[in-house]
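Taking it in order: structure first as structure tokens, then the write-up.
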Amino acid sequence: MAHGPTGNAPASGPLTVATLLREPGLPALETRILLAHVLGWSRTQLITRDREPLAPDTVAAYRELRARRLAGEPIAYLVGTREFFGLTLSVSPAVLIPRPETELLVELALERLAARQAPRVLDLGTGSGAIALAIAHARPDAKVIALDRSDAALGVARENARRLGLTHVQWLASDWYAALPADTAPFDVIVSNPPYIVAGDEHLSRGDLRFEPVDALTDHADGLAALRTIVSGAPSRLVANGWLLCEHGYHQAADVRALCAAAGFADVVSERDLAGIERTTGGRRP
Ligand code: GLN
């Protein structure tokens, strides 16, 4: 080996995947993700080709992403993709990065849809399209309408739909129900992962959230403003025995159950995510 007597990498010499992985700074997993991205290599190639000298352009591209990551930018924005429910989705700073805990909402929606033929589904505040596309992928017979107030988000969502070949989702610019044509209802299931973080919550100024669209995270109020609008507008847009399912914050389950009960929902129930936190609440329109 070309290593010096101390066992450290040589100060000069060609940079390779192996030498870059030994640099201090980022966790090895993040270095691998960024290198796989700039090289266009698989994880396997990162191992089998780890001694190949890298082109200066490649190293420069890696160094730039590394610096941005060290400054806190989320990995998903740096590489432009994120996995959700088995789908690879494009993401940009125009959309919230899909979270693993939101897969619970998709599972619950698919359970409620299982016995229904050609169901109609509405996704409110779709962002990257993650929830709508996961449902559409699992249910080719569904008719899905997904809306968002943000045109930039809808651009990302439409591009995801195009790349995944999912043509049975209709995208709509709308502030919650405001621009939803009356003849699109009634729906079998309405789902939403709305902004629910309380205005001024310290998490908004920490970690990945600093780089995400603030309007997708917080209602700039008590955290329940969007949820109130969504819950109160749902019954008139659901079929009898149709379901509303909403994601919410770790401390909001009782509040959202109360909103659902007040709106006339039956079978109101909260479900826990894999971390054991009550993460979704929903109800059945009698
Ligand atoms: N689950 C996100 C977070 O706390 C918030 C998403 C949302 O507001 N819908 O990081």
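Order of appearance sets the numbers: ligands from 1, and atoms from 1 within every ligand.
At the shortest separation from atom 1 (N) of ligand 1 among protein heavy atoms lies Tyr196 OH, 2.9 Å. Closest to atom 8 (O) of ligand 1 among all protein heavy atoms lies Leu217 O, 3.1 Å. Shortest contact from atom 4 (O) of ligand 1 to any protein heavy atom: Ile197 CD1, 3.9 Å.
Residue Pro194 places at least one N or O, backbone or side chain, under 3.5 Å from an N or O of ligand 1.
Listed by number with element, the atoms of ligand 1 under 4.0 angstrom from any heavy atom of Leu209 are 10 (O). Proximity to Pro195 (heavy-atom distance under 4.0 Å) selects the following atoms of ligand 1: 8 (O). Atoms of ligand 1 lying under 4.0 Å from any heavy atom of Leu96, numbered from 1 in the order shown and given with element: 6 (C). Those atoms of ligand 1 with a heavy atom of Asn193 less than 4.0 angstrom away are 7 (C), 9 (N).
Side chain to side chain, Thr102 and Glu247 meet the donor-acceptor criterion of an N or O pair below 3.5 Å. Neither side chain, Asn193 nor His248, offers a donor N or O lying under 3.5 Å from an acceptor on the other.
Between Arg116 and Asp188 there is a salt bridge, with a side-chain nitrogen of the basic residue lying less than 4.0 Å from a carboxylate oxygen of the acidic one. One finds no salt bridge joining Arg112 and Glu107 here, because no Lys/Arg side-chain nitrogen approaches an Asp/Glu carboxylate oxygen to under 4.0 Å. A salt bridge links Asp222 with Arg228: at least one charged nitrogen is closer than 4.0 Å to a carboxylate oxygen. Contact check on Arg69 versus Glu30 returns a salt bridge, with a Lys/Arg side-chain nitrogen under 4.0 Å from an Asp/Glu carboxylate oxygen.
Residue contacts with ligand 1 for Thr102 are absent, since no atom lies close enough (heavy atoms, distance under 4.0 Å). No part of Asp208 comes within 4.0 Å of ligand 1, judged by heavy-atom distances.
Of the candidates Arg99, Arg206, Glu212, it is Arg99 that places a heavy atom closest to atom 3 (C) of ligand 1.
Cation-pi geometry between Arg284 and Phe265 is not met: the NZ or CZ atom fails to fall both under 6.0 Å from the ring centre and inside 45° of the normal. Figure legend: cation-pi geometry between Arg285 and Trp243 absent, as NZ or CZ is not positioned both under 6.0 Å from the six-membered ring centre and within 45° of its axis.
Distances shorter than 4.0 angstrom do not occur between any heavy atom of Gly125 and any atom of ligand 1.
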